[in-house]
*Asks:* 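Input: one structure, supplied below.
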Amino acid sequence: MKYIGVFDSGLGGLTVVRSILQKRPQENIVFFGDSLNMPYGDKTKEEITGFALHNMQVLERFDLKALVIACNTADSAAGDAVAAEAKEPVYGVVRYASQAAVKATRNKRIGVIATQATVRSGAYPRTLKQLMPDAEVFTAACPALVPLIEAGHLAKDDPQIREALDGCLPALVREGIDTLILGCTHYPLIADTIAGMYPEICLISSSDAAADIVLDSVPADPDDCGIQKIYVSSEPAFFTRKAAIFMGGLLKTDAEWYKE
Ligand code: DGL
């Protein structure tokens, strides 16, 4: 039985799993959330690379048809290192979100919101400029968002989410962006709030963009039967409760504690 392996620093990567299963419910998925080391967004490149390679090794204990780096922070810091070591094709969110953004923009002014480590890495501007050399790219870190989303502030127009967005988005909007990459696994969960605040801006979900490419590249197998395995590196009960909120009815299993 072959699986699409997906890893993230924690819960947020389930937005990629959700997007895959919405389009192909019978796909077999093994997910590893490194909840013990979450968040990655305030860690160094060296630390994140170590975690990412470990996450790859955890998933490679399963028979993988593809490995998806759902975490923007891990892909920005360590996508190349993982691709160099992995035994199966690797799909990272940064490239696919960037491809979707250059397709969407009309004025070639693209904004990116992400964690501090993703912004510091320069991975999005680098990738976007490779794809569209005359693009202008504006990035902003929004460190307040991940903890709020993890704490369940998911309702449209949640006041604390709006306040956090007011701290990072106006500077990008003033630059005249017409497209905004939600460059973090968690941000698709607050897309409705962002869309309500800035209806004229086209939002690109890095999670949906990656899921689309993975499903285009990995053909459905008639033997796939929708097996789900979810592992985490710390206490799983909390993760399972939150995962049900992130995934809605698509979640079929509890998270298990991954032990070496
Ligand atoms: N998964 C991370 C990302 O997509 C966000 C959470 C973290 O900081 O670990 O960038």
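Index from 1, following the sequence. Note that ligands are numbered from 1 as they come in the structure, with each ligand's atoms numbered from 1 the same way.
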*Asks:* For ligand 1, note which part of Thr185 has a heavy atom under 4.0 Å away: side chain, backbone, both or neither.
*Replies:* both
*Asks:* What is the nearest protein non-hydrogen atom to atom 5 (C) of ligand 1, stated with its residue, atom name and distance?
*Replies:* Cys184 SG, 3.5 Å
*Asks:* Could you tell me if the side chain of Pro39 sits less than 4.5 Å from the side chain of Glu150, heavy atoms only?
*Replies:* no
*Asks:* Backbone or side chain, does any N or O of Tyr40 fall under 3.5 Å from an N or O of ligand 1?
*Replies:* yes
*Asks:* So Asp212 and Lys23, salt bridge (Lys or Arg N to Asp or Glu O under 4.0 Å) or not? Walk me through it.
*Replies:* CA-CA 9 Å; Asp212 286 346; Lys23 289 162 194 141; 2.7 Å; yes
*Asks:* My understanding is that we take every heavy atom of each candidate and find the minimum distance to atom 1 (N) of ligand 1. Doing that for Asp34, Val146, Asp8, which one comes out nearest?
*Replies:* Asp8
*Asks:* Counting non-hydrogen protein atoms only, what is the nearest one to atom 3 (C) of ligand 1? Give residue, atom name and distance.
*Replies:* Thr73 OG1, 3.4 Å
*Asks:* Any side-chain donor-acceptor pair under 3.5 Å between Asp178 and Thr105?
*Replies:* yes
*Asks:* To which protein heavy atom is atom 6 (C) of ligand 1 closest, and what is the distance rounded to 0.1 Å?
*Replies:* Ser9 OG, 3.6 Å
*Asks:* Starting from atom 2 (C) of ligand 1, find the nearest protein heavy-atom neighbour and note its residue, name and distance.
*Replies:* Cys71 SG, 3.4 Å
*Asks:* Any idea which protein heavy atom is nearest atom 8 (O) of ligand 1, and the distance to it?
*Replies:* Gly41 N, 2.9 Å
*Asks:* Side chains of Ile149 and Ile190, heavy atoms from C-beta outward: is any pair under 4.5 Å?
*Replies:* yes
*Asks:* Mark up the atoms of ligand 1 that fall under 4.0 Å of a heavy atom belonging to Thr115, in ascending order.
*Replies:* 5 (C), 8 (O), 10 (O)
*Asks:* Determine, using heavy atoms of Gly10 and all atoms of ligand 1, whether some pair is separated by less than 4.0 Å.
*Replies:* no
*Asks:* So, Ser19 versus Ser207: side-chain donor-acceptor pair below 3.5 Å or not?
*Replies:* no
*Asks:* Among Phe7, Tyr3, Tyr231, Tyr258, whose ring pair (Phe, Tyr, Trp, His ring centres under 6.0 Å) with Phe32 holds?
*Replies:* Tyr258
